[in-house]
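Worksheet: the structure to be examined is printed underneath.
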Amino acid sequence: MPNEEIAEALAAARRDRSRSVDLAPDRFDEAGAYRVQDEAAAAYGSPVIGYKIGATSPEAQKIIGCDAPFFGPMFEADRFETGAHLAADATMLGLE
């Protein structure tokens, strides 16, 4: 699957709260993964309001299957006020 299709599939999965495409762990190097992330963020269609650092502990890295922290965009469409009640679904590892 070409990178553009992967980016759109990732954006669609976020919009629809569905599972995203399965990728082989060695599909991208770090720079390539961040390029696809940028394309997916643009395809998502919501303004980026900041960035999140993920997998900052060895435990989190083990759960996610990575060996170092990484960053990702946070979107206006996914911002909620303090005290908002949100339900986790099968596409989420958790909520913050």
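We count residues from 1, following the sequence as given.
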| Validation row: Gln37, Phe71 side chains within 4.5 angstrom (heavy atoms) |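 When only atoms from C-beta onward are counted, Phe71 and Gln37 do touch, with a gap below 4.5 Å.
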
| Verdict with supporting geometry, Phe70 and Tyr34, ring pair (Phe, Tyr, Trp, His ring centres under 6.0 Å) | CA-CA 9 Å; Phe70 55 85; Tyr34 280 122; 8.0 Å; no

| message | Looking at Gln61 and Ala55, would you say the former's side chain and the latter's main chain have a donor-acceptor pair under 3.5 Å? | response |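 The answer is yes, because a donor-acceptor pair under 3.5 Å joins these two groups.
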
| message | Could you work out, with side-chain contact (heavy atoms from CB on, under 4.5 Å) as the rule, every residue matching Ala31, not counting sequence neighbours? | response |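 Ala31 satisfies side-chain contact (heavy atoms from CB on, under 4.5 Å) with Asp29, Arg35 only.
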
| query | Hey, quick one: are Ile49 and Leu86 part of the same hydrophobic cluster, counting side-chain heavy atoms closer than 4.5 Å, chains of contacts allowed? | reply |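 No; tracing contacts between hydrophobic side chains, which count when under 4.5 Å, never links both residues.
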
Without placing hydrogens or testing angles, list every side-chain donor-acceptor pair under 3.5 Å for residues 7-17, not counting sequence neighbours.
| residue | atom | partner | partner atom | Å |
| --- | --- | --- | --- | --- |
| Glu8 | OE2 | Arg15 | NH2 | 2.7 |
| Arg14 | NE | Asp78 | OD2 | 2.8 |
| Arg14 | NH2 | Asp78 | OD2 | 3.1 |
| Arg15 | NH1 | Ala43 | O | 2.9 |
| Arg17 | NE | Asp89 | OD2 | 2.8 |
| Arg17 | NH2 | Ala87 | O | 3.3 |
| Arg17 | NH2 | Asp89 | OD2 | 2.8 |

| request: Test side chain to side chain contact (heavy atoms under 4.5 Å, CB included) on Met74 and Val48 and set out the steps. | output: CA-CA 6 Å; Met74 297 174 12; Val48 173; over 6 Å; no

| Exercise: identify the closest heavy-atom pair between Ser46 and Phe75 |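 Closest heavy-atom pair between Ser46 and Phe75: O-CD2, 3.4 Å.
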
| Do any pairs count as a salt bridge (charged side-chain N to carboxylate O under 4.0 Å, His left out) and have a residue in residues 36-62, sequence neighbours left out, and if so which ones? |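 Passing the test, one end in residues 36-62: Lys52-Glu96.
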
